[in-house]
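Numbered from 1 within each chain, the chains take letters A, B, ... in sequence-line order.
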There are 2 protein chains.
Amino acid sequence: MSERRSGEGQPDKTLALLWRNHSQPTAGDNPTDARRRGAGRRPSLTVDDVVRAGIRLADEQGLAAASMGGLAKELGVGTMTLYTYVPAKELLLDLMVDQVLGERELPGPGEPRPDDWRAQVEIYSEQTRAMFQRHLWMSQVSAIRPPVGPGMLAAREYLLSALLGAGLSPRDTNTAALAVTTYIDSAASNEAESRLVERTTGQTNDAWWYERNDLWETYFDVDQHPAMTTIWNAKGYHSNTREAVADSYRYGLDRLLDGIQAMLDPGPGQDVRADPVQGVAD
Amino acid sequence: MSERRSGEGQPDKTLALLWRNHSQPTAGDNPTDARRRGAGRRPSLTVDDVVRAGIRLADEQGLAAASMGGLAKELGVGTMTLYTYVPAKELLLDLMVDQVLGERELPGPGEPRPDDWRAQVEIYSEQTRAMFQRHLWMSQVSAIRPPVGPGMLAAREYLLSALLGAGLSPRDTNTAALAVTTYIDSAASNEAESRLVERTTGQTNDAWWYERNDLWETYFDVDQHPAMTTIWNAKGYHSNTREAVADSYRYGLDRLLDGIQAMLDPGPGQDVRADPVQGVAD
DNA sequence: TCGAATTCCCGTAGGGTATACGAGAATTCA
DNA sequence: TGAATTCTCGTATACCCTACGGGAATTCGA
């Protein structure tokens with residue numbers, strides 16, 4: 001009934017694989033090292049080989065192509081051989097995701113970064129957008145319960161440090177960071193998914209809309225949609241879908257950061273603003 | 001190679017089904033009406049029967065349970081019978097989605113609504129959140145190229161009218177509405193997906209984190225994560241995951257609307273704000 | 001009243017997915 | 001030179017969507 005994901009239930013093994021390249025000195029023998037002494041047949045691959053091949057295949061031919069069978073064929077081994085390196089496909093996906101999350105070039109602690117906190121957030125935004133554009137399939141992966149690996153943690157640390165440096169309280173920093181990542185990650189993911197759909201269907205978004213021209217002629221009721229009609233008549237709609245998405249991304253991020261900044265600045269003689277509506281919560 | 005979705009390529013048929021209950025007087029005979037005169041065997045179901053059953057099954061047992069086979073069994077017919085009503089599963093999903101999108105109780109044109117534009121946006125936010133909570137599977141459906149049906153269009157019209165009424169230009173209204181829906185829809189979707197994962201795995205998010213305690217003891221490097229450490233030591237993290245998500249949702253929405261509001265108000269003697277960083281675009 | 005036309009019903013078949021199981025091959029150690 | 005260990009991978013199972021085509025039901029025209 002409760003279709004449990006296969007990789008679950010072994011969090012120790014999962015963590016060991018995610019952090020395989022960050023061996024702690026105290027950990028002693030790391031059983032996931034590529035080379036090991038002792039009896040037994042030599043492995044022909046490494047975990048990194050499998051992860052890299054998965055990312056490459058997903059980049060070039062889509063996430064569906066990175067199936068266990070397809071991946072095995074790509075690597076020139078039998079399908080079941082992969083299960084020697086990775087206990088389940090779900091976990092392999094976690095490894096691919098954390099690898100990609102860690103690709104972003106974000107200044108670590110002690111490394112040089114802009115003074116302005118907004119410029120720091122901007123770096124996170126641009127690196128994240130670029131990451132999604134490089135790996136469109138990332139838009140198809142759930143961001144809930146992400147891999148708790150070095151890549152994910154480094155990015156989280158960076159964004160928290162940017163907001164903490166802006167002067168937010170520790171509590172607000174955490175809250176604001178969640179809100180900012182929600183916006184940036186979701187918008188960047190949508191942007192990538194949009195492009196992915198264009199690629200896989202071979203149809204641009206504009207062509208898709210054009211195909212639905214019948215909507216306006218046959219079904220659209222002007223009286224029911226006065227705002228849309230007003231905007232249409234005022235030529236308020238972008239002619240290019242991708243441009244509209246990019247514009248709204250900038251606009252939303254700028255307004256969100258404006259709002260956060262306003263909480264920081266004492267504000268020179270500014271009116272006390274009316275409380276935002278709070279009472280609609282269920 | 002290019003795995004085309006099956007429902008595509010027939011936009012006319014798609015639109016006719018989406019708008020099946022909004023027959024235009026000019027359209028004459030609507031071939032999708034439940035009852036029709038003329039020869040031929042009588043259908044035992046209607047499209048609405050199939051759509052409703054799909055939504056119910058997905059609500060109760062998850063989106064995967066709403067397969068063509070499972071749905072047919074639920075309705076007491078053969079699997080292939082469903083294809084008499086709906087040309088492809090992809091299109092059935094579109095019908096389910098638009099039905100649910102239209103469930104939101106948003107004031108139409110001419111109907112009473114709050115004067116304050118922020119309160120109007122708040123209604124959209126709460127209705128959307130509630131919709132996702134009623135139908136957790138909606139979080140698993142792509143929002144790219146959504147069904148262009150009455151439900152989707154009504155919600156879009158509502159949000160546009162709220163921002164247009166706030167005094168934004170037509171162009172800015174469209175841009176801002178895209179940004180606001182991106183934030184609200186994504187955050188509400190994430191919230192629902194989080195709860196869905198809890199349900200399907202039978203494990204709360206807090207239990208999931210607890211299972212990964214090893215991370216902090218074995219792999220976490222304090223020197224590499226000073227901001228996280230600071231927040232941790234200041235007890236800045238929420239003890240309850242769901243509470244953290246809800247707090248950040250409120251915070252982000254309030255700041256985003258603050259930012260939009262600041263663009264509207266002339267601002268009494270307010271400093272000219274430095275331009276946000278723009279130069280990082282690729 | 002009886003074909004003919006029309007429409008709905010649905011079994012079968014085919015190609016895709018992940019992975020449990022277990023036998024076989026390769027390597028090292030005693 | 002066994003024995004122990006580890007990697008390799010073919011087979012089988014249980015799902016998914018849907019193209020195809022024959023059969024069943026209903027109405028219309030003569």
Side-chain angles (χ1 to χ4, degrees), chain A residues 1 3-10 13 29 31-47 49-50 54 57-58 61-94 96 140 200, chain B residues 1-10 13 29 31-47 49-50 54 57-58 61-94 96 140:
Chain A
M1 192 63 60
E3 47 173 341
R4 212 168 286 274
R5 283 188 296 179
S6 309
E8 304 294 337
Q10 299 184 336
K13 177 106 186 177
D29 294 356
T32 62
D33 279 349
R35 293 267 157 246
R36 273 220 334 298
R37 69 218 164 291
R41 188 171 174 171
R42 295 283 99 125
S44 58
L45 300 170
T46 66
V47 174
D49 288 336
V50 179
L57 220 48
Q61 304 181 42
L63 191 57
S67 65
M68 296 304 268
L71 201 45
K73 193 160 292 180
E74 178 78 6
L75 289 165
V77 299
T79 304
M80 293 312 293
T81 299
L82 298 180
Y83 287 90
T84 319
Y85 299 92
V86 161
K89 161 146 195 186
E90 179 71 18
L91 180 48
L92 169 57
L93 191 59
D94 275 354
M96 289 165 58
Q140 298 175 298
T200 55
Chain B
M1 193 62 62
S2 63
E3 47 171 343
R4 213 168 287 272
R5 282 189 294 180
S6 309
E8 303 294 337
Q10 299 184 334
K13 177 106 185 177
D29 293 356
T32 61
D33 278 350
R35 293 268 158 245
R36 273 217 336 296
R37 70 217 163 294
R41 188 172 176 170
R42 296 285 94 127
S44 59
L45 300 170
T46 66
V47 174
D49 288 336
V50 178
L57 220 48
Q61 304 180 41
L63 191 57
S67 66
M68 296 304 268
L71 200 44
K73 194 162 290 177
E74 178 78 6
L75 289 166
V77 299
T79 304
M80 291 314 293
T81 300
L82 299 180
Y83 287 90
T84 317
Y85 299 93
V86 161
K89 158 140 197 193
E90 180 71 19
L91 180 47
L92 170 57
L93 191 59
D94 275 354
M96 290 166 58
Q140 298 176 297

Handout entry: Side-chain donor or acceptor of A:D94 paired with backbone N/O of A:L91 under 3.5 Å
Key = no
Problem - Sorted by number, the residues of residues 75-82 of chain A with heavy-atom contact under 4.0 Å to DNA chain C - result: A:T79, A:M80
Handout entry: Atom-pair distance (CG on A:L91; P on C:dA18), nearest Å
Key = 15 Å
Exercise for the section: Establish, with yes or no, whether the OP1 or OP2 oxygen of C:dC9 is under 4.0 angstrom from a side-chain nitrogen or oxygen of B:Y85. Expected result: yes
Handout entry: Rounded interatomic separation in angstrom, taking CG from A:L45 and P from D:dC7
Key = 11 Å
Exercise for the section: Could you grab the distance from atom CG of A:D49 to atom CD of A:E74, nearest 0.5 Å is fine? Expected result: 12.0 Å
Completion exercise
Separation of D:dC16 atom P from B:M68 atom CE, nearest Å, is 12 Å
Practice task
State the OG1-CG distance between A:T200 and A:L63, to the nearest 0.5 angstrom.
Solution key: 12.0 Å
Practice task
Take the protein atom NZ of A:K89 and the nucleotide atom C1' of C:dA20, then report the distance between them rounded to whole Å.
Solution key: 18 Å
Completion exercise
Atom CG of B:L71 and atom C1' of D:dT18 are separated, to the nearest Å, by 15 Å
Could you go over nucleotides 13-15 of chain D and give all protein N or O partners under 3.5 Å, atom names and distances?
none

Handout entry: Nearest non-hydrogen partners of B:A58 and B:M96, listed with the distance
Key = CB-CE, 4.2 Å
Handout entry: Nearest-angstrom distance from the residue atom CZ of A:R41 to P of C:dT27
Key = 7 Å
Exercise for the section: Could you work out which one of C:dC9, D:dT26, D:dT5 sits closest to the side chain of B:A39? Expected result: D:dT26
Practice task
Ignoring backbone atoms, test whether B:Y83 places a side-chain nitrogen or oxygen under 4.0 Å from the OP1 or OP2 oxygen of D:dC20.
Solution key: no
Exercise for the section: Using a cut-off of strictly less than 4.0 Å, decide whether A:S44 has a side-chain nitrogen or oxygen near OP1 or OP2 of D:dT8. Expected result: yes
Practice task
Indicate whether OP1 or OP2 belonging to C:dT28 is found under 4.0 Å from a side-chain N or O atom of A:R42.
Solution key: yes
Donor-acceptor pairs under 3.5 angstrom involving side-chain atoms of residues 79-86 of chain A: please list them, not counting sequence neighbours.
residue : atom : partner : partner atom : Å
A:T81   : OG1  : A:G78   : O            : 3.4
A:T84   : OG1  : A:T81   : O            : 2.8
A:Y85   : OH   : A:S44   : N            : 3.3
A:Y85   : OH   : A:L45   : N            : 3.0

